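Here the structure is laid out as structure tokens; the discussion comes afterwards.
Letters A, B, ... mirror the listed sequences (proteins, then strands); counts begin at 1. Since the structure is predicted, the reported quantities are computational estimates derived from the model, not experimental observations.
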Amino acid sequence: MRHVRIIVPERPGGTISSMDSPRATAAERSSIDDVVELYKKDVDRTLLREALRLTPSERIREMEELSRFAEELSKSGRESFR
Amino acid sequence: MTDFRGLLEALSQQSVDFILVGGMAAAAHGSIHPTRDVDVVYSRNPDNVRRLVAALRPLVPVLRGAPPNLPFRLDEPTVAAGLNFTLSTRIGAIDLLGEVAGGGSYEALRPDSREIEILGVRCRVVTLEKLIELKRAAGRPRDFDAIAELEALREERDRA
């Protein structure tokens with residue numbers, strides 16, 4: 001994970017977290033919130049509700065299975081199109 | 001594939017002070033995005049650095065993506081001289097973060113974490129609210145869909 005503080009223009013004396021502050025202006029909030037709201041429309045909430053019914057360990061196991069499947073798929077793809 | 005439980009267990013067995021962040025923390029909160037590594041914010045306290053080194057040295061860590069002949073040795077002076085390390089080990093990838101954008105050090109982030117059991121291992125995981133802040137502070141366009149998913153998760157959780 002690389003961490004770069006780049007996207008939100010800071011006001012003098014402000015910080016990135018100030019965009020969540022009630023004092024933040026509409027212009028500052030729109031810089032990222034509008035983008036996130038657009039992405040949010042594509043989130044499949046039925047899958048999230050299913051995940052929320054599981055324990056954290058069960059969620060990690062599901063993620064591991066998904067990762068394993070993705071890896072197998074990628075490997076098969078590489079071999080098939082070689 | 002990364003052995004998530006193995007890496008958590010290695011850290012836990014040496015009583016390393018760390019907080020799980022990143023994709024694995026997101027998965028623990030209900031994210032359905034797969035991840036390939038374990039991201040932890042570790043305490044820079046010298047005793048903890050010693051325990052961290054003791055936990056990971058047996059797993060033969062190397063700098064991920066670095067040339068194979070690059071001399072790298074995970075030891076206390078190396079960790080003390082650096083801050084964040086992206087490592088590959090023989091059981092998978094782990095990112096060691098001395099500080100994280102939007103969260104700061106282990107000590108600063110600790111109040112925004114909870115101890116829970118994951119795959120039989122007790123460990124600290126950053127809260128969903130703080131995880132969203134960290135993702136936003138990281139400022140990477142590729143995180144936008146992850147932020148959207150985490151915010152949707154928070155809404156669904158609060159609704160339930």
Top contributor to chain A contacts, counting heavy-atom pairs under 4.5 Å, from [options]:
options                            : answer
G120(B), S31(B), A152(B)           : A152(B)
E151(B), R36(B), E117(B)           : E151(B)
L153(B), V125(B), D143(B), V121(B) : L153(B)

Under a 4.5 Å heavy-atom cut-off, does chain A meet the side chain of I116(B), its backbone, both or neither?
-> side chain
Nearest non-hydrogen partners of V53(B) and P58(B), listed with the distance =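 Looking at all heavy atoms of both residues, the closest pair is O-CD, 4.4 Å.
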Flag the pair [X] and [Y] as a salt bridge only when some basic side-chain nitrogen lies within less than 4.0 angstrom of an acidic carboxylate oxygen.
X       : Y       : answer
K130(B) : E133(B) : yes
D145(B) : K135(B) : no
R45(A)  : E155(B) : yes

Among L48(A), L47(A), D42(A), which one satisfies side chain to side chain contact (heavy atoms under 4.5 Å, CB included) with D44(A)?
->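 Among L48(A), L47(A), D42(A), the one meeting side chain to side chain contact (heavy atoms under 4.5 Å, CB included) with D44(A) is L47(A).
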So, the part of E62(A) with a heavy atom under 4.5 Å from chain B: the answer is neither
Please look at R68(A) and chain B and tell me whether the side chain, the backbone, both or neither of the residue comes under 4.5 angstrom of a heavy atom of that chain.
->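 When you check distances to chain B, atoms from both the backbone and side chain of R68(A) fall under 4.5 Å.
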